[in-house]
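A short write-up of the structure that comes next.
Note on naming: letters A, B, ... go to the chains in the order of the sequence lines (proteins, then strands), and numbering restarts at 1 for each one.
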There are 2 protein chains.
Amino acid sequence: MVMTQATQHLVKHGIRPSMQRIAIMKYLMEHRTHPTVDTIYSDLHHSMPTLSRTTVYNTLQVLAQNHAVTTLSIDGHATRYDGITQPHAHFMCRHCGRIIDLPLENLPAMPRNGLKVEQVEINFTGRCDLCNQ
Amino acid sequence: MVMTQATQHLVKHGIRPSMQRIAIMKYLMEHRTHPTVDTIYSDLHHSMPTLSRTTVYNTLQVLAQNHAVTTLSIDGHATRYDGITQPHAHFMCRHCGRIIDLPLENLPAMPRNGLKVEQVEINFTGRCDLCNQ
DNA sequence: TGTAATTTTGTAACGATTACAGATTTTGGT
DNA sequence: ACCAAAATCTGTAATCGTTACAAAATTACA
């Protein structure tokens, strides 16, 4: 039996691969747009008419808790999700809303002693190259 | 006529110093707790019974737009505000909710060419020294 | 196959934030 | 000082993202 990449990814993170979870994980692996719950729901709803918005919320919570996806609070309005879990920074264009992945060459200085860091989020905001012309 | 620090700060950023604006700016300068709108409102409401929650929202928006304060989306639930505008990072304890200022020794690698960065937000999340024992 | 556990679904509720319109205050010219 | 215009503040209602919850559907496994 062949496992899709999405399914493998779920299993690797100890998440049971249901239809809905696979679909959402697959979506995040194929769309590098850092979508919101609503975008994911709207896009998947076409091919999965019975999918519930609540399921998208629940699933993403499960995925994030098990580190299968990353959450992004760069938006201010809605949480965004990232299928890539390797540490990297983000740039969001105030004008067009696009979110761009940025490599993290040198991680910022470690916090002071005693703090146990579990997550780092580095967000740049401004105007992107396309809007800047 | 003597100007308070808060008033000076407002004027310096081109913001007309009304009673409410001064009170909110003063609050943020004196409380280094990165409070939410609700905390600010509740605390100020005692000494300013006529203050409206909407005014706190509006005022903080004006202050942020004019770079007199900084916004923090580290919380996930409510926007938090910081009276210190010099660039620095933040650590939030998942356990007690405390937010700690962190000096930014070396700014993270600049984003790729063409992106015009207007704001940087660096958020660490984890367990603080007090909760870690 | 039957039952318990898990997952999904839809609706209702919640909390943060914004829209809006009227009231109040401030400003600037006379 | 007086008045009109502009700016600010206020309170309520609406909006929007998210969570609570309970019932329905699916899956696991004895």
Side-chain angles (χ1 to χ4, degrees), chain A residues 1 3 6-7 10-11 13-27 34-66 68-69 71-81 92 97 99, chain B residues 1 3 6-7 10-11 13-27 34-66 68-69 71-81 92 97 99:
Chain A
M1 180 205 183
M3 269 193 186
T7 308
L10 292 176
V11 172
H13 287 86
I15 302 162
R16 287 221 209 142
S18 70
M19 296 293 278
Q20 291 83 346
R21 287 170 178 178
I22 294 169
I24 292 167
M25 191 66 240
K26 186 163 179 283
Y27 184 92
H34 315 86
T36 62
V37 163
D38 228 62
T39 307
I40 299 172
Y41 171 72
S42 303
D43 285 0
L44 289 181
H45 191 252
H46 295 123
S47 48
M48 292 182 79
T50 63
L51 180 67
S52 159
R53 200 184 301 269
T54 302
T55 299
V56 181
Y57 275 104
N58 293 340
T59 299
L60 288 168
Q61 204 171 298
V62 170
L63 297 187
Q65 271 167 0
N66 292 80
V69 302
T71 61
L72 255 187
S73 45
I74 197 174
D75 187 320
H77 296 288
T79 304
R80 290 172 175 278
Y81 293 88
M92 183 176 194
I99 296 179
Chain B
M1 182 211 184
M3 270 194 186
T7 307
L10 292 177
V11 172
H13 286 86
I15 302 163
R16 289 222 205 142
S18 70
M19 295 293 277
Q20 291 85 345
R21 288 172 177 176
I22 294 169
I24 292 167
M25 191 66 240
K26 186 162 177 281
Y27 183 93
H34 316 86
T36 63
V37 164
D38 228 63
T39 306
I40 299 172
Y41 171 73
S42 302
D43 287 0
L44 288 181
H45 191 249
H46 295 124
S47 50
M48 291 182 81
T50 64
L51 181 66
S52 159
R53 199 183 302 269
T54 301
T55 299
V56 180
Y57 274 103
N58 292 340
T59 298
L60 287 169
Q61 203 171 297
V62 170
L63 297 187
Q65 272 168 0
N66 292 80
V69 302
T71 61
L72 254 187
S73 44
I74 197 174
D75 187 319
H77 296 287
T79 304
R80 291 174 174 278
Y81 293 88
M92 183 177 194
I99 297 179

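Counting only distance, with no hydrogens or angles, the side chain of S47(B) and the backbone of L44(B) share a donor-acceptor pair below 3.5 Å. Using a distance-only test at 3.5 Å, with no hydrogens or angles considered, no donor-acceptor pair links the side chain of R80(B) to the main chain of L72(B). Without hydrogens or angle criteria, T55(B) side chain to L51(B) main chain gives no donor-acceptor distance under 3.5 Å. Under a 3.5 Å cut-off, the side chain of N66(A) and the backbone N or O of A68(A) do not form any donor-acceptor pair. Formation of a donor-acceptor pair under 3.5 Å by the R21(B) side chain with backbone atoms of R16(B) is found in this model.
Comparing dT18(C), dG17(D), dT10(D) by their nearest atom to the side chain of Y57(A) picks out dG17(D). Here the nucleotide nearest the side chain of S18(A), chosen from dT17(C), dT7(C), dT8(C), is dT8(C). With dA16(C), dA28(D), dC20(C) as the candidates, the nucleotide lying closest to the side chain of T54(B) is dC20(C). Of the listed nucleotides (dT19(D), dC9(D), dT18(D)), dT19(D) has the atom at the smallest distance from the side chain of Q61(A). In this structure, the nucleotide among dT9(C), dT17(C), dC9(D) sitting nearest to the side chain of T55(A) is dT9(C). Checked against dT9(C), dT10(D), dA7(D), the side chain of S52(A) finds its nearest nucleotide in dT9(C).
Nucleotide dT8(D) holds its P atom 12 Å from the CD atom of Q65(B), rounded to whole Å. Going from atom CD1 of I22(A) over to atom C1' of dT26(D) covers 14 Å, rounded to whole Å. Look at CZ on R16(A): it is 16 Å from P on dT26(D), rounded to the nearest Å. Nucleotide dA16(C) holds its C1' atom 12 Å from the NE2 atom of H77(A), rounded to whole Å. As a whole-Å value, the separation of D75(A) CG from dC16(D) P is 14 Å. With rounding to whole Å, I15(B) atom CD1 is found 11 Å from dC9(D) atom P. Distance, M19(A) CE to dA25(D) C1': 14 Å, rounded to whole Å. In this structure, R80(A) atom CZ and dG17(D) atom C1' are separated by 13 Å, rounded to whole Å.
Scanning residues 34-51 of chain B for heavy-atom distances under 4.0 Å to DNA chain C yields an empty list.
Mapped onto DNA chain C by nearest heavy atom, T79(B) and N58(B) fall at different nucleotides, with T79(B) at the one closer to the 5' end.
Between the side chains of T36(A) and T39(A), at least one donor N or O sits under 3.5 Å from an acceptor N or O.
Nucleic acid contact class of R53(B) (heavy atoms, under 4.0 Å, all strands): none.
Between M48(B) atom CE and M19(B) atom CE the span is 6.0 Å, to the nearest 0.5 Å.
In terms of phosphate contacts, R21(B) brings a side-chain nitrogen or oxygen within less than 4.0 Å of OP1 or OP2 of dC9(D). The phosphate of dT8(D) has neither OP1 nor OP2 within less than 4.0 Å of any side-chain N or O from T59(B).
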